[in-house]
Amino acid sequence: MSSLTFHWFLPTSGDSRDVVGGGHGAPDTAAGPGRRRPPTVAYLGQIARAAENLGFVGALTPTGAWCEDAWLTTAMVSRATERLKFLVAFRPGFVSPTLAAQMASTFQRQTGGRLLLNVVTGGESREQRAYGDFLDKDARYRRTAEFLHVVRELWQGGTVNLRGEHLRVEDARLTRVPDPVPDVYFGGSSPAAVEVAARHADVYLTWGEPPAQVAGKIARLREAAAREGRTLRFGIRLHVITRDTAADAWAEAHRLLDGFDPDTVREAQANLARSESEGQRRMLALHGGSRDALEIHPNLWAGIGLVRGGAGTALVGGHDEVAERIAEYHALGIDEFVLSGYPHLEEAYWFGEGVLPRLAARGLWRHPEHAGAGAGAEETVLPVAV
């Protein structure tokens, strides 16, 4: 039986019972009165263990000046888990491609093959310059293509010589290649991003836009990949607020919204409006900075994006409704879901104990511990509340 893949999120800028901002120029603040939980290894380890036990395959760890370093954090948190993979976000150009390929290879050996890579080209020139990167956006994408070319060749055991527009290596080679080779996850809505994804990505990730817009993206990426003689898998990045009843879920969404200070919203929206990211522009267009009409598709709520950069939409509803929306996206071609919720420890349980059993009952999901079992194998399925 094929199974949908679910990943959770490690909040390496801190967690809260309220929305934590940050990313793409949004202020790194908790948008509400809730106490901030620091991103200690101990707390992130709690989240990772919960995600693993509930049946998530991996956990996304973000990159940027507003959060802890993803490589170091996941290397430490990996010791708290046995199966969970780590979808490490990183930006090409901050380290050499040979070193990055070596780091990934080491990570695979030391964790038993639990690395996935989320390649983030970087949509904000101001933040890139703080790291010493002064290329413009289009040049960053061209450098990313060169970077991934070198890394993939090294992972296959080749010796690489490249004199590119932005990168140059001579007789680059890894002493030990990664086993398995990590999957490359890649997102971006601009034409330059589509070109890189078509040539180099394994999984194309989109932020949580309404299904019609997601369908358009998938069609565009499939066509671009076909021109390269390749196929892609597709994933979506969403927040989630799921409860035993729809009324309870929407009450929680409204509680989060009530905690958004108007000045915080104005500051976040002003900063996000300066973003160079096409994906961020599309996120802002979903709500226009207004608190009104935030349900932009049944059970798809754009309120998170009022104070947070990047992924700004959430699936909100009762467990059956959220499962239905996931099935709707799956019907478009989405097979992987990268989810999060505030606070991340508690919300992982709401989703894992509420929604995953319903997807299992529909034949759309199996716990990873049983995914390789035969048809007659014993299987543990979490109970569905009635």
Side-chain angles (χ1 to χ4, degrees), residues 12-13 20-29 60-71 87-97 99-100 117-151 162 164-168 184-201 204-207 209 217 220-221 237 264-289 304-312:
T12 54
S13 65
V20 177
H24 291 273
D28 178 20
T29 58
L60 172 64
T61 310
T63 183
W66 53 282
C67 58
E68 299 287 357
D69 177 74
W71 284 104
L87 181 51
V88 175
F90 81 105
R91 301 186 189 187
F94 290 178
V95 298
S96 80
L99 178 57
L117 285 178
N118 179 27
V119 177
V120 180
T121 295
E124 314 307 326
S125 290
R126 176 185 294 183
E127 186 177 9
Q128 296 292 125
R129 289 193 294 267
Y131 283 96
D133 179 15
F134 289 85
L135 296 181
D136 63 27
K137 181 181 174 182
D138 285 342
R140 290 197 295 270
Y141 275 109
R142 294 195 297 273
R143 180 181 60 194
T144 295
E146 293 179 1
F147 184 99
L148 289 174
H149 167 74
V150 173
V151 167
L162 175 70
E165 178 185 0
H166 301 288
L167 298 177
R168 179 179 177 182
V184 172
Y185 290 66
F186 190 86
S189 298
S190 67
V194 170
E195 181 177 344
V196 173
R199 291 181 179 178
H200 299 286
Y204 176 81
L205 281 178
T206 178
W207 287 331
E209 298 178 0
K217 274 190 175 182
R220 185 157 50 117
L221 265 296
R237 173 77 180 94
T264 300
V265 173
R266 280 193 292 270
E267 180 184 2
Q269 292 301 296
N271 289 337
L272 293 172
R274 292 192 287 269
S275 172
E276 300 170 15
S277 166
E278 175 65 15
Q280 185 61 68
R281 185 194 66 76
R282 291 167 70 106
M283 282 283 103
L284 293 179
L286 297 178
H287 54 68
I304 303 291
L306 292 174
V307 294
R308 185 191 191 278

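Predicted model only: the values in this text are computed from it and were never measured.
No donor-acceptor distance shorter than 3.5 angstrom exists from the side chain of Y185 to the backbone of V88, with no hydrogens or angles considered. The closest donor-acceptor contact from the side chain of E127 to the backbone of A65 lies under 3.5 Å. Panel note: side chain E146, backbone E165; a donor-acceptor pair is recorded below 3.5 Å. At least one donor-acceptor pair closer than 3.5 Å links the side chain of Q269 to the backbone N or O of G305.
E276 has no carboxylate O lying under 4.0 Å from a charged side-chain N of K137, or vice versa, which leaves the two without a salt bridge. Between R199 and E195 a salt bridge is recorded (basic side-chain N to carboxylate O distance below 4.0 Å).
In this structure, the ring pair (Phe, Tyr, Trp, His ring centres under 6.0 Å) partners of F147, at least two apart in sequence or on a different chain, are F90. Contacts of D133 classified as side-chain contact (heavy atoms from CB on, under 4.5 Å), with partners at least two apart in sequence or in another chain: F94, Q128, L135, R140, R143.
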- Message: Before you tell me yes or no, could you show the steps for W207 and M283 under side-chain contact (heavy atoms from CB on, under 4.5 Å), namely the whole-Å CA-CA distance, both residues' side-chain angles and the distance that decides it to 0.1 Å?
- Response: CA-CA 8 Å; W207 287 331; M283 282 283 103; 3.6 Å; yes

- Task: Start with the C-alpha gap between T121 and V196, add the side-chain angles, then the distance that decides, and say whether side-chain contact (heavy atoms from CB on, under 4.5 Å) holds.
- Result: CA-CA 10 Å; T121 295; V196 173; 5.8 Å; no

- Task: Could you check L306 against H287 for side-chain contact (heavy atoms from CB on, under 4.5 Å), going step by step and ending with a plain yes or no?
- Result: CA-CA 8 Å; L306 292 174; H287 54 68; 3.7 Å; yes

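Considering every non-hydrogen atom in both R91 and T63, the closest pair reads NH2-O, 3.5 Å. When all heavy atoms of A193 and F186 are compared, the closest pair comes out as O-CE2, 3.5 Å. Residue G21 comes nearest to W66 through the heavy atom pair O-CE3, 4.4 Å, listed as atom of the first residue, atom of the second, then distance. When all heavy atoms of Y141 and S190 are compared, the closest pair comes out as CE1-OG, 3.9 Å. Summarising the geometry of R308 relative to A311, their closest heavy-atom pair is NH1-O, 3.2 Å, with the distance given to 0.1 Å. Contact between G309 and L272 at its shortest, heavy atoms only, is CA-CD2, 3.7 Å.
Taking CZ of R126 as the start and CZ of R274 as the end, the distance is 6.0 Å to the nearest 0.5 Å. Rounding to the nearest 0.5 Å places OG1 of T61 at 10.5 Å from CH2 of W71. Separation of atoms CG (N271) and CZ (R266) is listed at 13.0 Å; rounding is to 0.5 Å. With rounding to the nearest 0.5 Å, the separation of OG1 in T206 from CZ in R237 is 12.0 Å.
When side chains are defined from C-beta on, T12 counts as touching P62, because their heavy atoms get closer than 4.5 Å. Within the 4.5 Å cutoff, the side chain of V119 has heavy atoms near those of the P92 side chain.
Under the 3.5 Å distance criterion, with hydrogens and angles disregarded, a donor-acceptor pair is assigned to the side chains of S275 and E124.
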